[in-house]
There are 2 protein chains.
Amino acid sequence: MGKCTPESLLEGRNIKITRQRQIVLGAIIDTGKPFSASDLHESLGNEMDLATIYRNLEMLCGEGIIRQVMNEKERQYYELACIHNPEHPHFYCNICGKIYCMKQDKPMRLKKRLPGDFTVEQTVLQYRGICPDCSKE
Amino acid sequence: MGKCTPESLLEGRNIKITRQRQIVLGAIIDTGKPFSASDLHESLGNEMDLATIYRNLEMLCGEGIIRQVMNEKERQYYELACIHNPEHPHFYCNICGKIYCMKQDKPMRLKKRLPGDFTVEQTVLQYRGICPDCSKE
DNA sequence: GGTCTAAATGCAAGTTGTTCGCAATTAAAG
DNA sequence: CTTTAATTGCGAACAACTTGCATTTAGACC
């Protein structure tokens, strides 16, 4: 299990490796935290077309390479979905809007069986409140 | 603890009781399930101004009379937040987009203490997958 | 290497949910 | 009944995201 690189994440998937995909994936890997399309856009110097970023995020999400984390202030946040980053809870600060990853020991598998005939594909657990930084004031 | 009426929900709060607030709250109480601004708008025959609905939803949310449930397809969903409807998990169907309330026996109080200095004001637990109706196909 | 083609990109325009400014209306206090 | 501050309706503005289309490009096949 080597480390994540844009190429390793894309290989064996029948996906064209374009320059912008390498750049986008590189930025996603570098940022160790949840990001939105415009976060990426900014971190890349506002040079890449936003439509390209959106299209690639959708593709990466469909491939399971990234996952949706939360939707806040009308903005969708994602994170890398690799072996080293399994599903985990997130904390959203109601004051500063920052999103924190809440790592936890045991894998998140709350009630995978639901009554009736619900098939659970993803479990989302999030907390909202005030983060340590904002508590200080 | 009487039943919910627009007036009982607003009383003692220094909020003007307007005709549209009564209508909006009435619709919210009648619909026993999560709703969006446009759901309300439609259910009221597209007659009330959407801006009014948005402003009232924001106010009701600030007052704790309703709570945000989830944000799906760029649309914010709310539900009534009264004694009879405590925080509970929701299920979002990836196919039909319907939102189900997952009632549960014990109150939802997962990990209210988090490491560091996080103050948790709300805990959100949601499942996404395929609902019973869509499983049948 | 060169050629070809389907897929990806950039750009501009469009869509959608939500917000804002402002004049007209209205709840409710006096 | 009067008064006034809050609320409403309307239209325009906004922001995130999507789409159409011409241009470019990865990579497969010679």
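Values below: every heavy atom of this structure, side chains too, minus hydrogens, waters and symmetry copies. Residue numbers start from 1 in every chain, and the chains themselves are labelled A, B, ... in the order their sequence lines are given, proteins ahead of strands. None of these values were measured; they are calculated from a predicted model.
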Please report how far the helix from dG1(C)-dC30(D) to dG30(C)-dC1(D) bends, comparing the axis fitted to its first five pairs with the axis fitted to its last five, to the nearest 10 degrees. 30°
Are the aromatic rings of Y127(A) and Y100(A) close, with centres under 6.0 Å apart? no
Report, one line per pair, each donor and acceptor closer than 3.5 Å where one atom sits in a side chain of residues 7-14 of chain A; sequence neighbours left out.
{"from": "E7(A)", "atom 1": "OE2", "to": "Q22(A)", "atom 2": "NE2", "distance (Å)": "2.8"}
{"from": "S8(A)", "atom 1": "OG", "to": "T5(A)", "atom 2": "N", "distance (Å)": "2.9"}
{"from": "S8(A)", "atom 1": "OG", "to": "T5(A)", "atom 2": "O", "distance (Å)": "3.0"}
{"from": "S8(A)", "atom 1": "OG", "to": "T5(A)", "atom 2": "OG1", "distance (Å)": "3.2"}
{"from": "R13(A)", "atom 1": "NE", "to": "L9(A)", "atom 2": "O", "distance (Å)": "3.1"}
{"from": "R13(A)", "atom 1": "NH1", "to": "E63(A)", "atom 2": "O", "distance (Å)": "3.0"}
{"from": "R13(A)", "atom 1": "NH1", "to": "E63(A)", "atom 2": "OE1", "distance (Å)": "3.1"}

Applying ring-ring contact (aromatic ring centres under 6.0 Å, His included), can you list everything that pairs with Y78(B), at least two apart in sequence or on another chain? none
Other than I95(A), which residues form its hydrophobic cluster under the rule that side-chain heavy atoms must be closer than 4.5 Å? I130(A)
Any side-chain donor-acceptor pair under 3.5 Å between Q20(B) and N56(B)? no
Cationic N near anionic O, under 4.0 Å, R67(A) to E79(A): yes
Please tabulate, for side-chain N and O atoms in residues 47-55 of chain B, each donor-acceptor pair with protein atoms closer than 3.5 Å (sequence neighbours left out).
{"from": "D49(B)", "atom 1": "OD1", "to": "A51(B)", "atom 2": "N", "distance (Å)": "2.7"}

Do any of residues 43-62 of chain A sit with a heavy atom less than 4.0 Å from DNA chain C, and if so which? M48(A), D49(A), A51(A), T52(A), R55(A), N56(A)
Determine whether L60(A) and L44(A) fall in the same hydrophobic cluster, where Ile, Leu, Val, Met, Phe, Trp and Tyr are linked whenever their side-chain heavy atoms lie under 4.5 Å apart. yes
Only counting residues at least two apart or in another chain, list the ones meeting ring-ring contact (aromatic ring centres under 6.0 Å, His included) with Y92(A). none
Within residues 63-78 of chain B, the residues having a heavy atom closer than 4.0 Å to DNA chain C are E74(B), R75(B), Q76(B)
Note: chain A reaches DNA chain C at heavy-atom distances under 4.0 Å over the stretch, first to last nt, 5' to 3', of dA6(C) to dT18(C)
Walk along DNA chain D from 5' to 3' and tell me the first and last nucleotide with an atom closer than 4.0 Å to a non-hydrogen atom of chain A. dA16(D) to dG27(D)
Output all residues satisfying ring-ring contact (aromatic ring centres under 6.0 Å, His included) with H41(A), sequence neighbours left out; order by chain, then residue number. none
Listed in order of residue number, which residues of residues 27-37 of chain A have a non-hydrogen atom at under 4.0 Å from DNA chain C? none
